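Side chains are part of it too, since the values below use all heavy atoms of this structure and drop only hydrogens, waters and symmetry mates. Because the structure is predicted, anything quoted here is derived from the model rather than measured.
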Amino acid sequence: MAQCVQSVQEYIQDSFVPMVAVLCSEDAERVTRKNSLSFPELLRPFCRLTSEGHLRDPNNQVVVVKGLRISVTGINTRPPQTPEMQRLLSQAVSVCQPPEVSPANVITAGDYDLNISATTPWFETYRENFLQSMPASEHEFLNHYLACMLVVSSCEAVPTERFLKLSQEQHRIQHSGEYTHPKWFIPNTLKYYVLLHDISEGDEQRADSVYEDMKQRYGTQGCYLLKINSRSGSTGADEQMPDPWSQYLHKTSIHNPVNVPLVFADGVSETHPLQLDQPTDAGYPSNNASQSVNNVDMTRPQKQASVTSHTTPTPRGTCLTLNDHDHIRQFIQEFTFRGLLPHIEKNIRQLNDQLVSRKGLSRSLFSATKKLFGGGKVPEKSIAELKNTAGLLYPSEAPELQIRKMADLCFLVQHYELAYNCYHTAKKDFLSDQAMLYAAGALEMAAVAAFLQSGAPRPYPAHYMDTAIQTYRDVCKNMLLAERCCLLSAEILKSQTKYSDAATLLIKMTSEDSDLRSALLLEQAAHCFINMRGPMVRKFAFHMILAGHRFSKAGQKRHALRCYCQALQVYKGKGWALAEDHINFTIGRQSFTLRQPDNAVAAFRHILINDSKQSAVQQTAFLREYLYVYKSMSQVTGDGSLPQLPLPCLHSSQTRVFCGHERRLAEGEKQAATHVSLDQEFDRDLSQLWRELEERVVAVVNRGAVPITFQPSQCCLNSQTDNLRYPLAVVEEPIIVEVVFRNPLKVPLALSALCLLWKFTPKDFSDPQGSTAGETITNEKEAASLKEVRLLIARLKLLPHKTGELHVLGVVYNLDTGEVDNSEGSLAEDLMCVRGQQNLEIQGSRLNMTKEEKTSVTYGPDHRLDPIITPPMPLLEVFFINFPTGLLCGEIRKAWVEFVNMSAVPLTGLRVASTHPEFFTFGSAASDLTPVTPTAAEHCSAYKTVAMPPSVETVSLVSPAAFGVTSGDRPVVAEIPLSQGVLGPGEALQIPLWLRGPDREGVHEINFLFYYESTEKTAKLSHRVLRHTAFICASRSLSIRATASRSNTLHSRERETEERQEEEEKNGSMLVFVDVENINTSEAGVREFHIVQVSSSSRQWRLHKNISQNYSKLASRERGKLCFKATRCRTEEGGASSSQKYTFADLNLGNEQIVSSTTPCADFFFRRGLPSEPRRGGVSTGGASQMWRQSGTDDGVTNIVKKCSEVELDIIVLWKAYVVEDNKQLILEGQLHVALQTIGKEACSLSQKEETQEMVLLKFKPDIPPPVSKPSLEQLSHLIKTCLHYPESYDHPFPQKSLCMVPVTLTLSNCSLAQVDVIVDLRHKTTSPESLEVHGSFSWLGQTQYKLQLQAQEVYRLSLKACFFQAGVYNLGTPRVFAKLAQTSAMCETSQQSAMPALIIINSV
């Protein structure tokens, strides 16, 4: 139970006090009425004694009476009937409310921190009023009158006669038998005569003389002179005097800050909330014509009816001074000590004497006496028939009642030990007589008396109380007495910390007959559960809910709301979804009933914003209730502000913002650029790729450096983009905000008139554009419907008309249930439709850069909803015409691109960057752009062709700069030529676009980034970009494999000059073998491939002629082999700069030559990727020697040796494919590239698939440097190239001359860039007989070994002579050549690559 102001002992003592009746004369009543008080009201604040009283018990022991309080009431005060009593109790509870600002009383129980009311003043008020309104009963005497005060004014003509009349009237009321009420304790009631003297008006001497007469007549213990009204009311109005009556006459409104009228609406006096103004009853004394017997509490309502409308109470005691207060206090003390207590002591002795004399009688005789007095009543023994004896009445002289009287008298004067003994004795007698009502009363008071005994000689008999309650309730059917017994016992158990027993007792007393009583008891039971040593939090909350429900049924809406709010603390956020919904729903209803719309809306919000587990029907009811409350609240406030709506759930973090025009649809054959749209999902890697492309373009525009203020273009902003900076939007271009709603309910919701809530600050960034008149922002509205458990993505559009700063704050919409069945329903739905808003509050990403940010949780700003509106900018749209979706690998296709300026601002600086620059080209500046239209080029070749029969190569020199190549890397950014460099507003430009299918099959994603600027530079937005993503499906075509081999050139049999021979010997030549295989799987309907032409491109080599048969046609899976002779380029360029020209050599296999040095063939050659630096040529011999000397390491040796076998020759194979599609034959054309790097090493056009890169482990120790690679023997065998020059046949007359000497020239060519030491050994190595038979035997004349030193790329001719002894066929390729680099002393000579067999025929003539 909650804490009470009084202790349990004080509470029980104040519940049972001596009752004193009052009879006033009319003049005495008039004297007290000067103070707006009746005589009982005048005495009420002073009825508690401040000093101790004493009396002696029958054993002559002194009994100390402490803090005794007496109850003084009018003689005709009547308790209310049951219906009126319930109504007045309800009114008393409703008036007493908890204070609005109460001190926090937080109870911590486990994980709960509960703010609970420490006190329950409404329960104490109910309890006090309930006990005071208990009607007097026949089975007990505690609320029977013990004495009667007879009050007469000193102004009476003959006061003694008036006293006599009042005394006779009291005697008539008590003994005539006409009145059943009031009840009197004993026949000889104490009469106390009070002479009331008005000091301000009366004669004090006369009053004193009358009082002296009274003392002679009634004795000094039976009368008193009370002097009051020491001042007149007019003089006392200015002086503030204490008002001790307010706390008694307005007790129910002490804790209520609202002023309560003096008289209740039903006419109840302010004196006591339970006093009624009832018509005269035969059982009660009424006011006669002389007003000698009056009830001041009945006359008050008529007198105060005229002031019920006043808000301030009438001042009381205005004629009384502090001395008068002391007089009244002294009067009460004199009455009690000299009148009441001696009277009680006397009666206790008399009753005790009677009981003592009774003990001497036998039980049988005493039983006979009881039968005589009881009228022959027969006790019933059957428990089932106890109800028949519940109404058993004893006569007033019955010994059992005398014992009960003595017990009650002892109890009233705090002699609890004797009282307990008497109660215990009476209990036995009543039980033996089966007088259950009397027995229950004795049990009840015996338990209370046992508890109140000082020193606690015996434990509290709780079972007495349980038996009494059960008897009152079940046998006697008297719920009032059962309730009183429950209240007393629960308070006692609580004081003994037996909270569990107290809660059980309180819960048992709940029933359906009184909702108010059940509610109060359930609430107290809940407090018992929370005050246990181990607080039972959930039981507390559950019983609070039950109490709130019963409060609601009893009409106590405020108390019901308070109970539900306290219980919500336990259920909130603990997973009790259904219970929490029920509590919030009830709180919402009660708050709305109590005109607390804000609390009602907040409660309903909690029901709707969470994922409810309620059924669809229940959710519909919740939603309708909320809409009704919300609608009512908005009508009441009427301030125009839109409150927050809880439905549907708005996912602010998923909000996306798109700045710029939406993508335009394709028109006919035109395919619009994909750009960026809200329909695309965000890919972080792809976003980074676009950023890098944009940085490359910006770096090119700014001459290689990216500005510090560079901000990548972000048209679509979401939770994964960088939102630390303010996004930029352009005036007159829409801003689309995509908001995501989620419906947590199982019922559909209808949203209408959706629009954005925004704030705009105009700012002029350039010129007076920002100050133009007209609408600032155009806000478009939309409507949508949310089905159950679904997401709604609403795209709302804003169109700015001025420059400035825009802030999107939230979404405004109409909310409806979305269920319309008929016309009447639609009208109802319109009435239920409410309009509100939800704020868009986005939390930025967590900051994690600095140390402070890493050690704390801080979030950065998110400015995606705060775009800056910039001045007009150009707007580019790109359309692709005849753009394919599928290509063969290496296929060349010609398409067209159309650039359209959709804005009113001219654009310039149009550039394009791509992730696959090898995929497309716009052609070189000097290329022939004919045909000029797409229709004219429909059946034409993409290449520039010239009619020419197959012959020797056609050579042309091309500079890479002509094709946009200015460095070693392939051009990623290409500039698109515009007419006069500007594309005006509304203008369009069409230019051709050549495409080449990727070398690897599969689906390829090609990204284009178009960059453009405005002719007028603005500080906010420097450029704009347009994105396009194309997907190309590449199919297999041809596989090209090429190998280069050194050729040992012989003397040409053609007529060539000596210079040509020397040049050819110096430059050397190669044989290039090209294998072509058709690997197409005929999926694209390709019938056959035709090899049209083979071209080469290099700075050092060129294809010279075709020395193989023509295998131009290749069907599926066929393979052809081509062999070409390659020679060094005749044109020598000094240096190795990137502007060095390339030599293109074309060898056509048909009657048409494709000019490979022009667009698009050369473009795709340069875009395929270039080596970072030249691999051969351009370095002088001296430079190479110096480089070697400076390095002097094995690494330098390896590089020099490698260059001997490296070549830089790119082979371009051009082909045509014949495809059958829709019964039509189409001719496709394309080109494949093969880069020859090393002599003898095969190169392929198909790049190997990149293997997945394995995860690299972190290494904390530096790795040991790898050993320096040494050149292999194979690489060292290519330092010197050898060639023998001799006649193929030689005629010699052997008969005439036996020795035949033939001159032979051995040509040694240094292939490296450093000095080489060469050893030529002419001695025969082969001695096997088989070799002699094959080659014959001959000898070299002269030196058998030569030691030479050749400079870089030097050609040395060594003249030899071979001696033959007979005719035959001989092999002259026996000289062995060893070589090593001159500067490597530690390296041994390596045998060079042996020459081909050199056969000579010796004829004998």
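- Looking at residues two or more places apart in sequence or on another chain, you find a ring-ring contact (aromatic ring centres under 6.0 Å, His included) between Phe430 and Tyr394, Tyr438.
- The ring-ring contact (aromatic ring centres under 6.0 Å, His included) test applied to Phe542 returns no partner, not counting sequence neighbours.
- Side chains of Tyr126 and Arg517: a donor-acceptor N/O pair is absent below 3.5 angstrom, by distance only.
- With sequence neighbours excluded, the residues forming a salt bridge (Lys or Arg N to Asp or Glu O under 4.0 Å) with Lys553 are Glu512, Asp515, listed by chain and number.
- Judged as a side chain to side chain contact (heavy atoms under 4.5 Å, CB included), and not counting sequence neighbours, the contacts of His543 are Ile507, Leu522, Ala526, Phe529, Lys539, Leu546.
- By the side-chain hydrogen bond (donor to acceptor under 3.5 Å, both in side chains) test, Arg562 pairs with Glu523, His559, sequence neighbours left out.
- Considering only residues two or more places apart in sequence or on other chains, Tyr564 meets the side-chain hydrogen bond (donor to acceptor under 3.5 Å, both in side chains) condition with none of them.
- Partners of Arg329 under the salt bridge (Lys or Arg N to Asp or Glu O under 4.0 Å) rule, at least two apart in sequence or in another chain, are Asp326.
- Residues that satisfy the salt bridge (Lys or Arg N to Asp or Glu O under 4.0 Å) test with Arg69, not counting sequence neighbours, are Asp14.
- The stretch residues 435-449 participates, sequence neighbours left out, in these salt bridge (charged side-chain N to carboxylate O under 4.0 Å, His left out) pairs: Glu444-Arg484.
- Remark: Ser591 engages Leu561, Ile587, Gln596, Asn599, Ala600 in a side chain to side chain contact (heavy atoms under 4.5 Å, CB included) (not counting sequence neighbours).
- Judged as a side chain to side chain contact (heavy atoms under 4.5 Å, CB included), and not counting sequence neighbours, Lys477 has no contacts.
- Residues meeting the salt bridge (Lys or Arg N to Asp or Glu O under 4.0 Å) test with Lys191, sequence neighbours left out: none.
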